[in-house]
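Structure first, then comments.
These numbers come from the heavy atoms of this one structure, side chains and all, not from hydrogens, waters or symmetry mates.
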Amino acid sequence: MFNWRLYRAAFVPFLFALAIAAFSLGARPLPLTSTLAPDAFEGAPAYAELRSLAARFPHRRPGSRGDELLAAYVAHKLEGLGGTAGGGFSVGTYHFDAQTIDGERPLTTVIAQRPGSTSAAPILILAHRDAAAPDAEAELSGTAALLELARVFAARETKRTIVLASTSGGSGGDAGAAQLAGAESEIGGTAAEGGGQGPFDAAIVLGDLAGAQAHRPFVVPFSDGLGSAPLELQRTVADAITNEAGMNPGSPSVLGQLAHLAFPLAAGEQGVLNAHGLPAVLVQVSGESGPPAPPRRDAVSAERLEGFGRAVLSAVDALDTAPDISQAMQTSLLLQRKTMPAWALRLLVLTLLLPPLIAVADGLARLRRRRMPVGRWTAWTLSCALPFFSCALFAYLLGWLGILGATPAEPVLPSALPFDGTAVTAVVAVVLTFALAWLLWRVLVRRMGWSTRPDPEVAGLSVLLVAVPIGLVVWAVDPFTALLLLPALHLWLLLASPELRPRRLGSLALLALALAPLAVLVFFYAHQLGLGAGGVAWTGVLLLAGGHVGPGAAILWSLAFGCVAAAAMLAVCSLPTFAGPPAVDGVEVTIRGPMSYAGPGSLGGTESALRR
């Protein structure tokens, strides 16, 4: 069916793109440094504050009485440092309603600002104070460090305005950070009255700074949108941790970078800030997954709190005296000590999309000349997406009606919303919806006069006629996500070729290889966030119900999974390869007929065909 010479020739542009990408590699930016010693951050008072807060406010579910009492305590503590006239902070509280792990709750954000001596963009330091479980000391260490940093900045002159924020909702959904990012212009305007102009130059989110269990990287730059925090900001904070805490902060792996670029999913508050265009990193000893949930909750360390607190202070001092950080999100790929720009990777992915695109266009022309029903089987392939989109609509409906109770818009760690009875019920309901949708799909196909079994001659090409445009659309939106589709677009050419299609097991193996990138992506996030099989399914339902995966993305994913389903049916219906003519009554058939005529001389030879 396909012109394989044309397919191989279409790889020539990829070789040129690979050479261009090799020359596009650039060096990493140097970290910003400060000449001020961060010894002003004292670990002993901060640790004592942490233990006192943990004893006074053990229960801090978002929007609860404990959370509100702690917010009032933080505001009172910041006001006690004096007003702006005496070098202190102007303190304000913001009240709003938002979705949390307990449903919609009234939340409070405490914001304190200390004017700088110049009109440079302010620096934001943020820590959430709520926790899903009681006695969560490690999660409270960020608030303790925030209060100690406030004491330091109240007695220190800075060039930039320093904005401190104590938010709620960080245990799941990041509602406080999202509200703060949405009100950035208002806060920036308030900062302008004291000398700042806004928007924020950069933000540092304080997470678990005192946990005894360490997981790298300690600087988490990932976003809920495309890209991550600028590399200069990442390296500045990481370098400060190396110097002050005496620990290797690590860096995101290539797999981690690709996973977050292909499917943006960040559980920390820096994710929503980066998604709103505010460069932010999360500083956390326990890495992206956060401190372990009870009963394995770790103790806190005074030495670690002091080391990481001084690292944050050093990083803020470096940002204070340096030029503005780039507001553009980091989309380049960090390879060892080099960076590959996003445009180079986009070019590489495009050139890898060309071979299946050209091969499918040529195959379509061949089948059209043979008057094969390509359009009907393309519609059949599109119909395979209906059961998947029905599941997405059902999940949206659960969120809209509030049946699930808690549907935060941002990803939630399993420690905050575990896979309990409610989660099991929701996942089972979605699975039953999927099963019912497939039964209705069979009825629909029969009503349309189509067959439920794919035509081995046409259905394979029809799958590619849907999959290749999906790949091009996804590439235009996010070239990193298109990487997930590349193996399928190339391997399914064999499934679409009746003369090359392997036996059933071989076809299923091709299908599995095509799904390998998606499986790696799911496994990465499951390992990174501590999700089991049920947790993965529950997280998927929450991402849809909370609106993190929008309707447009749901349609594209449904079409892609519909192609997978069509390819799976084609692989299952694959017949064994031709093994010769059948036998009749135990006697092998050796006489050739018109359907097996192989050319001149095949029926006995002619005078001109005899060997001379």
### Query
Atom CG in Leu544, atom OH in Tyr396: separation rounded to 0.5 Å?
5.0 Å

### For the student: nearest non-hydrogen atoms of Pro418 and Trp538, plus distance
O-NE1, 3.7 Å

### Query
If you round to the nearest 0.5 Å, how far is OG of Ser558 from CG of Leu382?
12.0 Å

### Query
Ring centres of Phe480 and Phe263 under 6.0 Å apart?
no

### Message
Test your reading of the model: is there a side-chain donor-acceptor pair from Thr339 to the backbone of Gly26, 3.5 Å cut-off?
### Response
yes

### Interatomic distance, Leu226 atom CG to Asp478 atom CG [nearest 0.5 angstrom]
5.0 Å

### Message
Taking Leu6's backbone N and O only, do any of them form a donor-acceptor pair with Asn3's side chain (distance below 3.5 Å, no angle check)?
### Response
yes

#### Entry: Full working for side chain to side chain contact (heavy atoms under 4.5 Å, CB included) between Leu570 and Arg501
CA-CA 10 Å; Leu570 182 63; Arg501 186 181 304 134; 4.2 Å; yes

### Summary
Taken to the nearest 0.5 Å, the spacing of Phe16 CZ from Thr351 OG1 works out to 11.5 Å

### More than 12 heavy atoms from other groups under 6.0 Å of CD on Gln336
no

### Query
Considering only heavy atoms from C-beta outward, does the side chain of Thr481 approach that of Trp475 to under 4.5 Å?
no

### Query
Has the side chain of Gln257 got a donor or acceptor atom that lies under 3.5 Å from a matching backbone atom of Leu334?
yes

### From CG (Leu515) to CG (Leu521), nearest 0.5 Å
12.5 Å

### Message
Restricting to non-hydrogen atoms, name the atom on Ala514 and the atom on Leu491 that form the minimum distance, rounded to 0.1 Å.
### Response
N-CD1, 3.7 Å

#### Entry: pair Asp224-Asn274: side-chain heavy atoms closer than 4.5 Å
no

### Task
For the residue pair Phe561 and Leu518, establish whether any side-chain heavy-atom pair is separated by less than 4.5 Å.
yes

### Message
Using every non-hydrogen atom in the two residues, find where Ala482 and Val349 come nearest and quote the distance to one decimal.
### Response
CB-CG1, 3.9 Å

### Task
Taking the side chain as every heavy atom from C-beta outward, state whether Ser326 and Glu232 have any pair of such atoms under 4.5 Å apart.
no

### Query
Heavy-atom distance under 4.5 Å between the side chains of Phe389 and Leu393, does that happen here?
yes

### Query
Are there more than 12 heavy atoms of other residues, nucleotides or ligands under 6.0 Å from atom CZ of Arg366?
yes

#### Entry: Atom of Leu353, atom of Gly471 and distance for their closest heavy-atom approach
CD1-O, 4.0 Å

### Query
Can you name the one residue among Phe394, Phe434, Trp441 that meets ring pair (Phe, Tyr, Trp, His ring centres under 6.0 Å) with Phe388?
Phe434

### Summary
Distance col, row Trp450:CH2 vs Asp455:CG, nearest 0.5 angstrom, shows 14.0 Å

### Query
If you draw a 6.0 Å radius around CG in Leu505, do more than 12 non-hydrogen atoms from other residues or ligands fall strictly inside?
no

### Message
Could you check whether His260 and Gln528, counting side-chain N and O atoms only, form a donor-acceptor pair closer than 3.5 Å?
### Response
no

### Task
Would you please test Leu531 and Phe419 for side chain to side chain contact (heavy atoms under 4.5 Å, CB included) and show each step?
CA-CA 9 Å; Leu531 303 173; Phe419 190 59; over 6 Å; no

### Query
Okay, side chain of Arg442, backbone of Thr452: is any donor-acceptor separation there less than 3.5 Å?
no

### Which atom of Gly271 lies closest to which atom of Ala266, heavy atoms considered
CA-CB, 3.9 Å

### Message
For Leu542 and Thr539: C-alpha separation, side-chain torsions, deciding distance, then whether side chain to side chain contact (heavy atoms under 4.5 Å, CB included) applies.
### Response
CA-CA 5 Å; Leu542 288 176; Thr539 300; 5.6 Å; no

### Message
Measuring only between side-chain heavy atoms, which start at C-beta, is Gln234 closer than 4.5 Å to Pro217?
### Response
no

### Task
For the pair His490 (side chain) and Leu352 (backbone), establish whether a donor and an acceptor sit closer than 3.5 Å, ignoring hydrogens and angles.
yes

### Query
Between Pro341 and Ser24, is any pair of side-chain heavy atoms under 4.5 Å apart?
yes

### Message
With side chain to side chain contact (heavy atoms under 4.5 Å, CB included) as the criterion, how do Ile20 and Trp343 come out once you've worked through the C-alpha distance, each side chain's angles and the decisive distance to 0.1 Å?
### Response
CA-CA 11 Å; Ile20 294 174; Trp343 65 263; 3.8 Å; yes

### Task
Report yes if some heavy atom in the side chain of Ser507 is under 4.5 Å from a heavy atom in the side chain of Pro502; otherwise report no.
yes

### Task
Determine yes or no for a side-chain-to-main-chain donor-acceptor pair under 3.5 angstrom, with Trp380 supplying the side chain and Ser451 the backbone.
yes

### Task
Might you confirm whether atom CZ of Phe523 has over 12 heavy atoms from other residues, nucleotides or ligands at distances under 6.0 Å?
no

### Query
Can you name the nearest heavy-atom pair linking Cys391 to Val430, along with the distance?
SG-O, 3.7 Å

